[in-house]
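In what follows, a structure is listed as structure tokens, so that the remarks can point back to it.
Heavy atoms only: backbone and side chains are in, while hydrogens, waters and symmetry mates are out. Throughout, protein chains are lettered first and strands after them, A, B, ... in sequence-line order, and every chain is numbered starting at 1.
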Amino acid sequence: MDERDAAVVAKARDGDREAFRALVERHSRYVFSLAHRMTGNAQDAEDVVQEAWLKAHKQLSRFEARADFRTWLHRITVNCSIDLIRGRRHREDAHDPADLEQGPLSERGAETQPTPERMAASTQISDRVNQALGLLTALERAAFTLRHVEGMSIDEVGEKLGMKTSATKHSIFRAVKKMRQALEPFVPSREHAGSQLMGRESK
Amino acid sequence: MNNHLSEEELILHYYGETDRADEARLDGHLAECGECQSAKAQLQRVLALVETAAPVAAPPGFERDAWARLEPRLPSPRSERRWTRAIFWFPQWALAGGVAALVLMAFVAGRISGSDPAGTNPAAPGLAQAGGNSDVLHTAVSDHLDRTQIMLTELVNSGVNQADAFAGEQARAGDLVAANRLIRQSAAQSGDEGIADVLEDLERVLQEIANAPADVTSNELSDLKARITAQDLLFRVRVIASEMRNRTRNDREAGDRSPLRPSMS
């Protein structure tokens, strides 16, 4: 664990409010980014940040000094994000994949289509990735993020999200397809592999 | 080549989640089909972009706003102090403190009166020399080891999806860590390497259980169980616990032949 964290966590565990405040101020930006990646919008991410810190405060006495605080906080944040997504699941309206062409990416118009210069700009790629993630439904996004970024198995993702394995797989398939369609212009095509991929039949 | 892989098959293959029954077919086809190799490489390049993307940053001043919103929702420091005081007055914590004091006393006594030079009691030479308090001491340490064994046994035998059961084991592991640490430190100080080694492995696992998120994933739980099994931890704890019980019996049989306090001379 970061030595600065170790000392502050020890104080916070003893009930030092200022030490806990220091942890909140040190790690909240990280927690926000992680929560945003999971939930896809700033308001939900802010709510997750609050819930994650409340949970961390409640469980701090169980945190052992040898463990890494940020890793521990990461897990709490992911779980709080999942709780929020599962709680809102019934309100989600699934997007029709056909809507992809009418989403925010295509609305930007021809003048914003990638050029070599733009492709070189990592900020634009980041923007594009985040916009592409924005095309996913909440469940697709959560399933994709847990599988692709957090490295959970499909079975574990299903368990976390309360979905059957087959439904989890289909959420991930839909998410990957949407991501591929949105991001393929940024990837140098080799031997028209992209079009070959797009033409493949589902089984 | 006919029968190209579907996009779904390529996605599962990319994540290493191909069904076992399909593995040979997919691997065989990919090894020979240039089109599918290109398609998979393209998929890899696209998905690699996701990893290179910078996360969305919080707005300026977010951390201060987060604290301002959070602070009123935290329990007041006064109620936290009351809660802490209540925990430390709870008998089980008093027992843990008592165990620690007794163990420290016993190991110190063991060191002063000399450990077993012939190594006839490799499991616990310091404890064997603990003196007149050893009956109580051995009983307390045995109790700690028994409770640890029960907790580990229940954990190892639990199903991978029993989140509630795991939360219960976590709380018990958290309770056991402090007592275990004091016993281990005392054992190490008195040269009881055999006990200290077992307790060190045990402490690591107890900490891992106590620190795991309550909704630990099934894979993590399986890994934890595998580590407990691979280290023969249950067996090694059982051996020490058995040794302690033997010593308790021996102490009782020796009865009043033992002095109440170790000699300081």
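- In this structure, A:H36 contributes its side chain and B:A57 its backbone to no donor-acceptor pair below 3.5 Å.
- For the pair A:R21 and B:E63, the salt-bridge criterion is not met [side-chain N within less than 4.0 Å of a carboxylate O].
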Could you walk me through whether A:K169 and B:I11 satisfy the side chain to side chain contact (heavy atoms under 4.5 Å, CB included) test, starting with their C-alpha distance in whole Å, then the side-chain angles of each, then the deciding distance to 0.1 Å, before giving a yes or no? CA-CA 10 Å; A:K169 274 185 187 174; B:I11 292 168; over 6 Å; no
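- Residue contact with chain B, scored on non-hydrogen atoms closer than 4.5 Å, involves the backbone and the side chain of A:Q50 alike.
- Neither the backbone nor the side chain of A:I82 comes within less than 4.5 Å of any heavy atom of chain B.
- A salt bridge links B:R73 with A:E51: the closest approach of a Lys/Arg side-chain nitrogen to an acidic carboxylate oxygen falls below 4.0 angstrom.
- Neither the backbone nor the side chain of A:S61 comes within contact range of chain B; no heavy atoms are under 4.5 Å apart.
- The number of heavy-atom neighbours closer than 6.0 Å to CZ of B:R69, taken from other residues, nucleotides and ligands shown, is above 12.
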Worked verdict on B:E8 versus A:R174 for salt bridge (Lys or Arg N to Asp or Glu O under 4.0 Å): CA-CA 9 Å; B:E8 286 82 358; A:R174 285 194 300 272; over 6 Å; no
Trace of the side chain to side chain contact (heavy atoms under 4.5 Å, CB included) decision for A:R17 with B:E71: CA-CA 9 Å; A:R17 183 61 65 100; B:E71 191 179 19; 3.8 Å; yes
Would you please test A:R180 and B:E7 for salt bridge (Lys or Arg N to Asp or Glu O under 4.0 Å) and show each step? CA-CA 11 Å; A:R180 182 178 54 71; B:E7 186 168 8; 2.6 Å; yes
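- Distance alone, capped at 3.5 Å, is enough to place a donor-acceptor pair between the A:R29 side chain and the B:P59 backbone.
- Evaluated for a side chain to side chain contact (heavy atoms under 4.5 Å, CB included) with B:V50, the options A:L183, A:I125, A:N130 yield exactly one hit, A:L183.
- Between the side chains of A:H148 and B:E51, a donor-acceptor pair is found at a separation under 3.5 Å.
- Considering every non-hydrogen atom in both B:A66 and A:V49, the closest pair reads CB-CG1, 4.4 Å.
- Neither the backbone nor the side chain of B:Q44 comes within less than 4.5 Å of any heavy atom in chain A.
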